[in-house]
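Proteins come first, then strands; the chains are lettered A, B, ... in the order of their sequence lines, and each starts at number 1.
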2 protein chains.
Amino acid sequence: MSGVKNKSVNSTLNSAAKTKKIKIGRREELIQTAVDFFSENGFQGTSVRDIANKLGVSISVIYHYFNNKEELWSAIIEYSVKHLPEKLELAVMGGGHALERLRRLLRAHLTASSNYSKETIIFLSKQDRISETGELASKEIEIKVLYIYVQILEELQREGLVKAHNTKILAFNILGVINWYLRWYRSDGPLTADALYEEIITFILYGSVGVPPGSEQISRLSNQQNT
Amino acid sequence: MSGVKNKSVNSTLNSAAKTKKIKIGRREELIQTAVDFFSENGFQGTSVRDIANKLGVSISVIYHYFNNKEELWSAIIEYSVKHLPEKLELAVMGGGHALERLRRLLRAHLTASSNYSKETIIFLSKQDRISETGELASKEIEIKVLYIYVQILEELQREGLVKAHNTKILAFNILGVINWYLRWYRSDGPLTADALYEEIITFILYGSVGVPPGSEQISRLSNQQNT
DNA sequence: AAAAAGCTAGAACGATCGTTCTAGCAATTC
DNA sequence: GAATTGCTAGAACGATCGTTCTAGCTTTTT
């Protein structure tokens with residue numbers, strides 16, 4: 001921890017500082033470091049000193065950009081998971097058969113989670129939500145996402161394609177699969193992201209509608225216009 | 001927090017203490033309280049004082065039964081999740097077609113997780129594992145469970161019943177569904193546990209083998225003795 | 001009844017936590 | 001060039017953390 005102390009002699013600092021003062025966004029730097037720590041050790045398992053030390057700066061820097069530790073958490077959710085519902089709604093909104101739209105939804109969800117994997121892990125860590133504000137905001141996002149799935153599933157149910165009785169349970173099951181893969185997937189593995197997505201989507205589609213969802217069959221369903 | 005202070009006048013304490021000293025296992029009492037706190041606020045979000053205060057005792061009591069906070073965690077895992085692999089192995093070991101054994105496995109897993117829901121939630125909270133010992137023990141359990149699923153899935157794959165290419169991914173997907181339901185299921189809801197299990201198992205079986213797994217079809221498969 | 005063992009309260013320990021404050025440096029504005 | 005603003009270091013705050021220790025109480029053993 002107390003490694004090479006910066007003696008901060010004014011004259012020597014100038015030369016070194018000048019090269020270092022590229023300022024590629026201290027705020028973003030702080031957030032990114034916080035993401036690494038929060039996702040690895042949890043919000044409660046991370047101290048503001050951990051983040052400051054990692055960047056080799058004083059804790060004052062953190063409190064200059066954020067009012068408190070929790071604002072750091074909020075800032076992370078803000079640019080990442082916050083906009084997940086809109087993205088998912090956009091994915092299901094387009095045309096096509098409901099099965100096709102569900103497939104698009106799943107792919108969009110997997111992509112979004114993958115793009116913000118660490119942030120999503122932080123978001124999903126229920127035990128780390130302290131404040132009432134953060135808790136409410138999180139719940140709202142979760143409910144929105146759940147509702148998007150329930151909606152499309154009920155549409156499929158009306159067409160008789162969903163055998164399950166309870167679409168809400170079905171939606172939870174789907175969310176389980178999608179959210180769980182962040183825990184075990186390592187991008188440095190032999191599997192391409194796309195192959196993985198297909199495997200997961202196939203599992204979910206089989207589990208939801210119980211038929212091999214080939215695109216041919218979907219288009220056939222679309223054309224025959226159900227009564 | 002500092003409510004009615006126990007003045008601990010010796011004479012008055014005797015009469016009150018005598019009725020209270022039923023001693024229904026302080027250790028178990030501590031563990032159960034720890035389970036409540038750990039599952040709700042996380043290991044790091046729970047202080048030993050929280051547990052002691054909840055029971056209205058001194059923190060010395062905790063340190064009399066446990067050497068440190070983490071031993072409390074270990075004790076929880078010990079009686080609950082620790083024996084999960086054995087239970088699951090027992091479930092798949094019996095006779096019957098592989099599909100039937102998978103179904104038994106799923107039911108056993110759901111039952112075990114449900115019986116120790118809070119403990120399982122604690123176990124699944126990755127960010128709370130601090131010590132190297134606990135981390136290794138947890139990993140071992142996880143791997144064992146995963147392997148049990150991979151084994152039965154590969155058996156099904158050899159029979160051509162599993163369409164998925166990667167049984168490991170498939171196993172992870174299944175684990176996602178099973179572990180996720182602890183997050184949203186509330187036993188005080190309108191759903192019976194048994195109906196819920198069937199819904200989840202159906203989803204997984206559809207997702208795994210893609211056919212409605214009625215018991216009639218399974219027995220037919222068993223009888224015709226595959227080449 | 002005496003001795004040993006089990007259990008508990010309460011104070012105290014150093015360490016670390018989130019947060020605040022002051023003061024000085026660097027960059028920008030005027 | 002002076003004044004203002006933006007940024008940072010470092011010390012310090014009270015609170016709380018996990019843990020230890022002492023001493024006294026209760027129960028069991030002898």
Side-chain angles (χ1 to χ4, degrees), chain A residues 1-30 34 37-38 41-74 128 130-131 134, chain B residues 1-2 4-30 34 37-38 41-74 128 130-131:
Chain A
M1 297 301 170
S2 62
V4 181
K5 263 292 187 63
N6 222 353
K7 275 298 190 68
S8 90
V9 180
N10 297 350
S11 52
T12 59
L13 212 159
N14 278 339
S15 59
K18 207 165 267 179
T19 59
K20 208 169 190 180
K21 276 286 163 53
I22 320 248
K23 285 279 188 62
I24 31 105
R26 263 268 187 270
R27 205 185 123 96
E28 282 67 31
E29 212 176 10
L30 288 168
F37 272 105
F38 288 169
N41 306 328
F43 180 81
Q44 317 218 47
T46 303
S47 71
V48 291
R49 284 170 180 81
D50 286 336
I51 301 170
N53 290 343
K54 176 79 173 186
L55 291 172
V57 298
S58 169
I59 45 180
S60 309
V61 178
I62 295 179
Y63 282 94
H64 177 259
Y65 290 96
F66 305 95
N67 284 322
N68 46 49
K69 191 185 171 188
E70 189 164 326
E71 260 193 19
L72 209 41
W73 183 91
S74 304
D128 278 348
I130 322 277
S131 80
Chain B
M1 296 300 170
S2 62
V4 182
K5 262 290 186 62
N6 223 351
K7 275 297 190 70
S8 90
V9 178
N10 298 351
S11 54
T12 59
L13 212 156
N14 278 339
S15 60
K18 208 166 266 179
T19 59
K20 207 170 189 177
K21 275 287 162 54
I22 321 246
K23 285 281 188 59
I24 32 106
R26 263 270 187 268
R27 204 184 124 97
E28 282 66 32
E29 211 177 9
L30 288 168
F37 273 105
F38 288 170
N41 306 328
F43 180 81
Q44 316 218 47
T46 303
S47 71
V48 291
R49 283 171 179 82
D50 286 337
I51 301 170
N53 289 342
K54 176 79 175 188
L55 291 172
V57 298
S58 168
I59 44 179
S60 309
V61 178
I62 295 179
Y63 282 94
H64 177 260
Y65 290 96
F66 306 94
N67 284 321
N68 46 49
K69 190 183 171 188
E70 190 163 326
E71 260 192 19
L72 208 41
W73 183 91
S74 304
D128 278 347
I130 323 276
S131 81

Q: In whole angstroms, how far is the C1' atom of C:dT19 from the CD atom of A:E71?
A: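 To the nearest whole Å, that distance equals 13 Å.
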Q: Is the phosphate of D:dT8 approached by A:R26 (side-chain N or O, under 4.0 Å from OP1 or OP2)?
A: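 Answer is yes, contact under 4.0 Å.
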Q: Ignoring hydrogens, what is the shortest heavy-atom contact between B:Y65 and B:R26? Give both atom names and the distance.
A: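 Taking every non-hydrogen atom into account, OH-CB, 3.3 Å.
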Q: The side chain of A:Y63 is closest to which nucleotide in this list: D:dG18, C:dG18, C:dG6?
A: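 Nucleotide nearest to A:Y63's side chain: C:dG18.
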Q: May I ask you to evaluate whether A:S47 reaches the phosphate of C:dT16, defined as a side-chain N or O under 4.0 Å from OP1 or OP2?
A: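 For A:S47, the contact criterion (side-chain N or O under 4.0 Å from OP1 or OP2 of C:dT16) is not met.
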Q: Rounded to whole Å, how long is the line connecting atom CG of A:L55 with atom C1' of D:dC7?
A: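 To the nearest whole Å, that distance equals 15 Å.
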Q: Can you work out whether A:R49 or A:S58 has the more 5'-proximal nearest nucleotide on DNA chain D?
A: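 Nearest nucleotide further toward 5': that of A:S58.
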Q: Look at the side chain of B:I59 and decide which nucleotide, out of C:dC7, C:dT20, C:dA12, has an atom nearest to it.
A: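 Closest nucleotide to the B:I59 side chain: C:dA12.
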Q: Nearest heavy-atom pair of A:I59 and A:V48: which atoms, and what distance?
A: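 The pair with the smallest heavy-atom distance is CG2-O, 4.0 Å.
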Q: Looking at every strand, decide which applies to A:V48 at a 4.0 Å heavy-atom threshold: base, sugar-phosphate, or nothing.
A: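 Base contact.
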Q: Measure CG/B:L72 against P/D:dG18 and give the value in whole Å, please.
A: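 About 11 Å, once rounded to whole Å.
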Q: What is the separation between atom CD on A:E28 and atom P on D:dC7, rounded to the nearest whole Å?
A: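 Rounded to the whole Å, the gap is 11 Å.
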Q: From CD1 of A:I51 over to C1' of C:dG18, roughly how many Å is that when rounded to an integer?
A: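 After rounding, the gap between these two atoms is 12 Å.
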Q: Mind calculating the distance between CG (A:L30) and C1' (D:dT8) to the nearest angstrom?
A: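 It is 12 Å, rounded to the nearest whole Å.
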Q: In whole Å, I'd like the distance from the CG atom of B:N53 to the P atom of C:dG10.
A: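 Result: 11 Å.
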Q: Minimum heavy-atom separation for B:N68 and B:Y63, please, with both atom names.
A: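 Nearest pair, atom of B:N68 first, then B:Y63: CA-CE2, 3.9 Å.
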Q: Under 3.5 Å, side chain of B:S47 to main-chain N/O of B:D50, donor-acceptor pair present?
A: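 Checking the backbone N and O of B:D50 against the side chain of B:S47, a donor-acceptor pair under 3.5 Å is found.
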Q: Give the rounded distance in Å between these two atoms: NZ of A:K69 and P of C:dT16.
A: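 Rounded to the whole Å, the gap is 15 Å.
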Q: Please find the pair of heavy atoms, one from B:T46 and one from B:K69, that lie closest to each other, and give the distance.
A: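 Between these two residues, the closest heavy atoms are O-NZ, 2.6 Å.
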Q: Any base atoms under 4.0 Å from B:S60, or only sugar-phosphate, or nothing? Heavy atoms, all strands.
A: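 The answer is base, as B:S60 lies within the cut-off (heavy atoms under 4.0 Å) of a base atom.
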Q: Mapping A:V57 and B:D50 onto DNA chain D by nearest heavy atom, which one lands closer to the 5' end?
A: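 Of the two residues, A:V57 wins.
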